[in-house]
Novice: 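After the structure tokens below, expect a handful of questions from me.
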Number of protein chains: 2
Amino acid sequence: MQTTPAATEHATPADICSAPPRRHPRPDGQDHYTISEVVAFTGLTAHTLRWYERIGLMPHVDRSHTGQRRYRNRDLDWLDFVTKLRLTGMPVADMVRYAELVRAGEDTYAERQALLESTRRDVLNRIAELRDTLAVLDRKISFYATEGTTR
Amino acid sequence: MQTTPAATEHATPADICSAPPRRHPRPDGQDHYTISEVVAFTGLTAHTLRWYERIGLMPHVDRSHTGQRRYRNRDLDWLDFVTKLRLTGMPVADMVRYAELVRAGEDTYAERQALLESTRRDVLNRIAELRDTLAVLDRKISFYATEGTTR
DNA sequence: TATGACCTTGGAGTGCACTCCAAGCAAGCC
DNA sequence: GGCTTGCTTGGAGTGCACTCCAAGGTCATA
């Protein structure tokens with residue numbers, strides 16, 4: 001059993017770096033998903049998928065001969081990444097900025113790196129805040145646990 | 001040096017449980033802060049403080065003889081807690097629910113505990129998600145770092 | 001070929017969490 | 001008293017991230 005090397009070999013400009021350890025529903029070459037399939041895979045709504053495209057957050061989605069969207073594996077990878085960024089609280093405008101850098105090509109590597117490093121710092125800060133909050137919650141919960149049972 | 005026991009001894013129904021390790025600007029008894037002082041302490045805006053009160057997120061704020069707000073140490077503690085909850089992504093409506101339980105008295109200890117435990121689970125999940133995101137960011141950042149310098 | 005589920009678009013609507021405004025009262029200083 | 005700065009209110013406005021709608025075209029199955 002081995003991972004399919006296609007993902008990195010045919011890497012598109014859309015998201016060239018670092019193959020995520022994701023299992024694709026279908027292998028590269030047969031990867032043509034309708035919008036409702038992508039809804040099922042990602043948990044996003046069709047509305048949101050179309051909106052992401054309109055605001056420039058999707059690198060470009062193929063179309064069938066009749067104009068319907070046909071998502072590829074690389075689109076799923078991109079959506080996974082976008083979903084992770086969204087969880088960090090990053091504003092959509094910043095994600096669009098990153099998408100623009102990706103579209104602009106290799107010359108933007110440095111700027112992309114800087115953007116992700118700034119995001120990384122945000123994530124570390126948020127984790128620290130959440131740890132703090134966790135401590136407060138634990139203190140209050142244990143208060144309620146003892147007071148609630150001994151009263 | 002020892003912590004002032006006043007905070008727990010005179011604990012008000014507002015937020016009776018678990019004295020936070022917070023240094024108050026003034027000791028209990030001389031704690032009467034204007035809204036702009038609270039703005040300076042908490043980082044919240046005056047608009048937001050008034051809005052919190054309007055929607056029932058503040059337990060009740062004292063007023064001067066002319067009707068101006070005079071916040072107490074317990075109010076600062078409460079605002080600290082609310083700010084922590086907000087960082088977890090908890091909707092304001094849920095925080096209002098908790099505030100209502102606090103106002104309702106000791107009979108709601110069990111429900112409060114359940115609410116905080118549910119929040120606790122959310123926080124743990126969010127931390128796990130952020131760790132995951134951190135791994136993805138690190139992978140991409142190291143890609144850009146090597147490609148950017150060797151190109 | 002008909003039925004019904006799915007897909008397309010631009011634009012309008014929604015919900016949340018603030019954020020601001022106008023008009024007026026209050027407090028402190030010269 | 002006059003001036004400035006701060007505080008009060010209800011209600012309206014803002015920005016974000018979706019979310020939905022109407023009107024119509026497409027696809028799969030019977």
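Remember, predicted model here, so these are calculated numbers, not experimental data. Scope of the values below: all heavy atoms of this structure, side chains included, with no hydrogens, waters or symmetry mates. Sequence lines set the chain letters: A, B, ... in the order given, protein chains first and strands last, and positions in each chain run from 1.
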Novice: Once you round it to whole Å, what is the distance between C1' of D:dT14 and CH2 of B:Trp51?
Specialist: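 Rounded to whole Å, this separation is 13 Å.
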Novice: Answer yes or no: does a side-chain N or O of B:Tyr52 lie under 4.0 Å from OP1 or OP2 of C:dA17?
Specialist: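 Result: no.
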Novice: Provide, to the nearest angstrom, the distance between the CE atom belonging to B:Met95 and the C1' atom belonging to C:dA17.
Specialist: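 Those two atoms, CE and C1', are 9 Å apart.
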Novice: Within the 4.0 Å heavy-atom criterion, would you say B:Arg70 contacts the bases, only the backbone, or no part of the nucleic acid?
Specialist: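 Contact class for B:Arg70: none.
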Novice: OP1 or OP2 of D:dT26 less than 4.0 angstrom from a side-chain nitrogen or oxygen of A:Ser64, does that happen here?
Specialist: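 For D:dT26, OP1/OP2 do not have a side-chain N/O of A:Ser64 under 4.0 Å.
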Novice: Just the rounded figure in Å: distance from P of D:dA17 to CE of A:Met90.
Specialist: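 A:Met90 atom CE is separated from D:dA17 atom P by 11 Å.
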Novice: Would you state whether a donor and an acceptor, one from the side chain of B:Arg50 and one from the base of D:dG10, lie under 3.5 Å apart?
Specialist: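 Checked by distance alone, the answer is no.
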Novice: Please determine if a side-chain N or O atom of B:His47 lies less than 4.0 Å away from the OP1 or OP2 oxygen of D:dG10.
Specialist: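 Negative; the distance criterion is not met.
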Novice: Among C:dA27, C:dA17, D:dT8, which nucleotide has an atom closest to any side-chain atom of B:Pro91?
Specialist: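 For B:Pro91, the side-chain atoms sit closest to C:dA17.
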Novice: Any salt bridge linking B:Glu53 with B:Arg50? Criterion: basic side-chain nitrogen under 4.0 Å from a carboxylate oxygen.
Specialist: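 No, B:Glu53 and B:Arg50 are not salt-bridged.
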Novice: Both A:Leu44 and B:Arg63 contact DNA chain D. Which one's nearest nucleotide lies toward the 5' end?
Specialist: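 Between the two, 5'-proximity favours B:Arg63.
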Novice: For A:His60 and A:Asp75, test the side chains for any donor-to-acceptor distance below 3.5 angstrom and give the result as yes or no.
Specialist: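 No, no side-chain donor-acceptor contact under 3.5 Å.
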Novice: Looking only at side-chain N and O atoms, does A:Thr34 come under 4.0 Å of OP1 or OP2 in C:dC7?
Specialist: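 It does, given that an N or O in the side chain of A:Thr34 lies less than 4.0 Å from OP1 or OP2 of C:dC7.
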Novice: Out of D:dC27, C:dA17, C:dA26, which has the shortest distance to the side chain of B:Thr66?
Specialist: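 The closest nucleotide is C:dA26.
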Novice: Quick check for you: among C:dC18, D:dT19, C:dA27, whose closest atom lies nearest to any side-chain atom of B:Gln68?
Specialist: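 Closest nucleotide to the B:Gln68 side chain: C:dA27.
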Novice: I'd like to know if the side chain of B:Tyr71 pairs up with that of B:Asp31 as donor and acceptor (distance under 3.5 Å, no hydrogens or angles considered).
Specialist: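 Looking only at side-chain atoms, B:Asp31 and B:Tyr71 do not form any donor-acceptor pair under 3.5 Å.
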Novice: Indicate, yes or no, whether a donor-acceptor pair under 3.5 Å links the base of D:dG6 to the side chain of B:Arg69.
Specialist: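 Counting by modelled atom types and ignoring angles, no donor-acceptor contact under 3.5 Å is found here.
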Novice: Starting at atom CG of B:Leu49, determine the distance to atom C1' of C:dC20, rounded to an integer number of angstrom.
Specialist: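 My rounded result for the distance is 15 Å.
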Novice: Salt bridge check: are B:Glu129 and A:Lys84 linked by an N-O gap of less than 4.0 Å?
Specialist: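 Salt bridge: no.
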Novice: Taking OP1 and OP2 of D:dC18, is either one under 4.0 Å from a side-chain nitrogen or oxygen of A:Thr45?
Specialist: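 Answer no for this pair, as no side-chain N or O of A:Thr45 is under 4.0 Å from OP1 or OP2.
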Novice: Expressed in angstrom and rounded to an integer, what is the separation of A:Ile55 atom CD1 from C:dT9 atom C1'?
Specialist: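 So the CD1-C1' distance, A:Ile55 to C:dT9, works out to 17 Å.
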Novice: Checking side-chain polar atoms at under 3.5 Å, does A:His32 have a donor or acceptor matched by the opposite partner on A:Asp62?
Specialist: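 No, no side-chain donor-acceptor contact under 3.5 Å.
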Novice: Is A:Arg54 close enough to C:dG11 that one of its side-chain N or O atoms is under 4.0 Å from OP1 or OP2 there?
Specialist: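 Answer no for this pair, as no side-chain N or O of A:Arg54 is under 4.0 Å from OP1 or OP2.
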Novice: If I take atom CG in residue A:Leu79 and atom C1' in nucleotide D:dC18, what distance separates them, rounded to the nearest angstrom?
Specialist: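 Answer to the nearest Å: 15 Å.
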Novice: Can you check the B:Ile35 CD1 to C:dC20 P distance for me, whole Å?
Specialist: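 After rounding, the gap between these two atoms is 14 Å.
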